[in-house]
Amino acid sequence: MVIDKEYYEMIFKRKSFRKFNDTLRLSNDELRDINEKINTLVALVDGIDIKYRIVKREETTCKRGEYCLLIYSEEKEKFLLNIGYMFEQLDLYLASKDIGVCWYGMGKTQESQYENLKFVIMMSIGKGEPNEFRRDYRKSKRKETEEIWSGISGFETIAEVVKYAPSACNTQPWRVNSEKDKLKIYRTTTIKSIMPKDKVPFYNSIDMGIFLYFLELALLHNQITFQRVLCEEEDKAELIPIAIYNLF
Ligand SMILES: Cc1cc2nc3c(=O)[nH]c(=O)nc-3n(C[C@H](O)[C@H](O)[C@H](O)COP(=O)(O)O)c2cc1C
């Protein structure tokens with residue numbers, strides 16, 4: 001698997017952009033670069049067809065950013081995890097280019113279908129100034145590490161970093177249980193949020209894909225190689241198993 005190690009540093013710089021400076025514009029070169037980058041994103045699950053469109057924000061219900069990236073996918077098993085994992089790579093990459101991004105679950109588009117694929121989620125995008133990005137990531141609101149990670153011994157540094165992954169309404173549905181050579185990743189279903197209850201599994205599955213990408217970046221940054229096994233998801237459990245990482 002190819003993971004761009006430079007993205008690790010962007011964990012600390014990225015943030016959800018909500019105020020875009022509307023006097024700034026993305027250049028044609030930047031738009032071309034975004035298109036090229038999207039075509040190199042690494043999938044979590046092979047064989048799921050994905051398409052995207054970059055449209056003017058005004059073509060959607062989104063109120064922020066110059067453009068919206070509309071993401072469409074085949075609805076195969078684990079497609080939401082796959083979308084989160086792939087497009088978080090773009091979020092981190094764009095931070096390195098001073099381009100602000102916000103995952104925008106609330107956003108709607110008229111085109112709920114594109115080339116036979118269903119609309120999944122959008123991201124708002126616009127040029128930012130370097131000083132608009134995050135300066136001290138520890139000031140962003142997150143759960144206490146102990147709340148999301150059990151058996152933490154030996155993984156303190158990694159746990160402290162990966163918890164800064166973005167998630168819908170900051171719900172942070174990830175839970176980790178670590179053993180010496182193994183990480184077990186779960187999605188908790190006991191989320192309290194302003195999101196409509198029936199939408200929570202949808203958005204939190206995207207969040208879990210985002211988290212897996214953060215986790216892999218952090219493992220590799222710490223010279224830990226791994227074998228990832230995605231789990232069969234069971235619907236009813238309080239903790240839904242998502243993935244197991246065997247560490248080397
Ligand atoms: C799947 C997903 C959907 C999101 N939807 C919205 C949204 O509709 N509106 C919004 O303002 N932020 C949205 N966000 C951004 C989160 O609120 C944000 O990631 C979280 O509060 C953590 O803040 P940070 O990204 O600045 O670290 C979304 C994030 C994710 C991952």
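Order of appearance sets the numbers: ligands from 1, and atoms from 1 within every ligand.
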Protein residue, atom and distance nearest to [atom], heavy-atom basis:
atom                    : value
atom 1 (C) of ligand 1  : Asp207 OD1, 3.5 Å
atom 5 (N) of ligand 1  : Gly105 N, 2.9 Å
atom 6 (C) of ligand 1  : Trp103 O, 3.1 Å
atom 18 (C) of ligand 1 : Ser16 OG, 3.4 Å

Should we say atom [atom1] of [X] is surrounded by more than 12 heavy atoms from elsewhere, each under 6.0 Å from it?
X      : atom1 : value
Lys56  : NZ    : yes
Lys19  : NZ    : no
Lys143 : NZ    : yes

Who's closest to [atom] heavy-atom-wise, of [options]?
atom                    : options                       : answer
atom 10 (C) of ligand 1 : Lys63, Lys15, Arg18, Met106   : Arg18
atom 21 (O) of ligand 1 : Ile210, Asn204, Leu80, Asn170 : Asn170
atom 20 (C) of ligand 1 : Ala165, Cys62, Ser167, Pro166 : Ser167

### Task
State whether the shortest distance between N or O atoms of Arg134 and N or O atoms of ligand 1 falls below 3.5 angstrom.
yes
### Message
For ligand 1 and Arg14, I'd like to know whether there is a polar contact (N/O to N/O, distance under 3.5 Å).
### Response
yes
Taking atom types as modelled, is there a side-chain donor on [X] or [Y] under 3.5 Å from an acceptor on the other?
X      : Y      : answer
Ser27  : Asp29  : no
Glu216 : Tyr245 : yes
Thr171 : Asn204 : yes

### Query
Does ligand 1 have a heavy atom under 4.0 Å from the side chain of Arg64, from its backbone, from both, or from neither?
side chain
## Note on the structure
Counting heavy atoms under 4.0 Å, the part of Arg142 that contacts ligand 1 is side chain
### Task
Assign the ring pair Phe20 / Phe17 to parallel, tilted or perpendicular, where the plane angle (0 to 90°) is split at 30° and 60°.
tilted
#### Entry: Close-contact set for ligand 1 against Ile121 heavy atoms, below 4.0 Å
1 (C)
### Task
Using modelled atom types only, decide if a donor and an acceptor are shared between the side chain of Lys76 and the backbone of Gly47 within a distance under 3.5 Å.
yes
